[in-house]
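Report on one structure; see the data block that follows.
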Amino acid sequence: AKQYPADLVVDDLRVARGRDRSILDLSRDRVDDELSTFLSAFEDHADGNIEQLHQLRLAAKRFRYVLEVFAGCFGSEFRERVYEPIKQLQESLGSINDAHAFAQQLDRLAHLTDEDELAASLSRLRDRYVVQLDEHVRQFTQLWSVAERDAYVARVRQLLNPPPPSPEKSSDDIPLSPIATNPTSD
């Protein structure tokens, strides 16, 4: 059965029942789980195979939906640095998918017609979509290189698990000035 982001939250809450876990803990776990799934799909796209890119698009879509559900738990920097890049990635992969689907459909139509002139026109149009497809794939591989992917993952993990805040210094922790520790007598 297809699961939607709200289903994932409900599943997490069922699992967490009886445990001492906050919604922030649950959100970190869910985002990290989906990040792992996304990374697995990302590693599979290495050769630019259209079907693998389609699977990556689906994984990015699922990851994006989980981010939408939990973004409020992490603040505006998380939305800017984690959610927005995935949104752009999904749109880029959507352009690849669309160009591929249009090219395939035009190819089918060109082969179905008995009119030579129409078939030639459809084939020329298909060729334009193939050029677009190649350009979209090239742009995608430039924008989401392995180094870019690794930097993105590091950002996600850093924002999911920020270092604990340093304890605030109380007035007892502030060293006294030499004047206050060595009073002079008049």
Do the side chain of [X] and the main chain of [Y] share a donor and acceptor less than 3.5 angstrom apart?
X    : Y   : value
Y152 : V82 : yes
S92  : Q88 : no
T37  : D33 : yes
S40  : S36 : no

Is [Y] reachable from [X] through a run of hydrophobic residues whose side-chain heavy atoms are each under 4.5 Å from the next?
X    : Y    : result
L24  : L160 : yes
L143 : I50  : yes
V31  : V69  : yes
V137 : F102 : no
L133 : L89  : yes

From [X] [atom1] over to [Y] [atom2], what is the distance, rounded to the nearest 0.5 angstrom?
X    : Y    : atom1 : atom2 : answer
L93  : W144 : CG    : CH2   : 9.0 Å
D107 : S123 : CG    : OG    : 6.5 Å
I96  : H54  : CD1   : NE2   : 12.5 Å
L118 : T113 : CG    : OG1   : 4.5 Å
F63  : L35  : CZ    : CG    : 4.5 Å
L125 : L106 : CG    : CG    : 4.5 Å

Please say whether more than 12 non-hydrogen atoms of neighbouring residues, nucleotides or ligands are located less than 6.0 Å from [atom1] in [X].
X    : atom1 : result
E115 : CD    : no
D116 : CG    : no
E117 : CD    : no

Regarding R138 and Q142, is there a side-chain donor-to-acceptor distance under 3.5 Å anywhere?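 A donor-acceptor contact under 3.5 Å links the two side chains.
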When you check the side-chain N and O atoms of S27 and R30, is any donor under 3.5 Å from an acceptor?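 No, no side-chain donor-acceptor pair sits under 3.5 Å.
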Residue pairs, two or more places apart or on separate chains, that pass salt bridge (charged side-chain N to carboxylate O under 4.0 Å, His left out) and touch residues 76-104: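 Salt bridge (charged side-chain N to carboxylate O under 4.0 Å, His left out) check on residues 76-104 returns E77-R81.
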Criterion side chain to side chain contact (heavy atoms under 4.5 Å, CB included) on E43 and R149, from CA distance to verdict: CA-CA 10 Å; E43 290 169 2; R149 179 204 62 202; 3.5 Å; yes
Sub-4.5 Å side-chain heavy-atom contact between [X] and [Y]:
X    : Y   : result
R64  : E68 : yes
Q52  : L56 : no
R155 : P85 : yes

Assess whether side chain to side chain contact (heavy atoms under 4.5 Å, CB included) is satisfied between N97 and L53, documenting all intermediate values. CA-CA 8 Å; N97 191 63; L53 289 172; over 6 Å; no
Partners passing salt bridge (Lys or Arg N to Asp or Glu O under 4.0 Å) against D32 (at least two apart in sequence or in another chain):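 Expected list: R157.
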Applying side-chain hydrogen bond (donor to acceptor under 3.5 Å, both in side chains), name anything that partners R108, two or more places apart in sequence or on another chain.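 R108 satisfies side-chain hydrogen bond (donor to acceptor under 3.5 Å, both in side chains) with Q105 only.
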Going through the distances and angles, do F74 and F70 end up as a ring pair (Phe, Tyr, Trp, His ring centres under 6.0 Å)? CA-CA 7 Å; F74 301 106; F70 294 113; 7.6 Å; no
Verdict with reasoning, D134 to V131, per side chain to side chain contact (heavy atoms under 4.5 Å, CB included): CA-CA 5 Å; D134 292 343; V131 168; 5.6 Å; no
Evaluate L58 against Q55 for side chain to side chain contact (heavy atoms under 4.5 Å, CB included), listing each step before the verdict. CA-CA 5 Å; L58 296 176; Q55 293 305 315; 4.0 Å; yes
Using a strict threshold of under 4.0 Å (side-chain N to carboxylate O), is an ion pair present between R28 and D25?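 So D25 pairs with R28 through a salt bridge.
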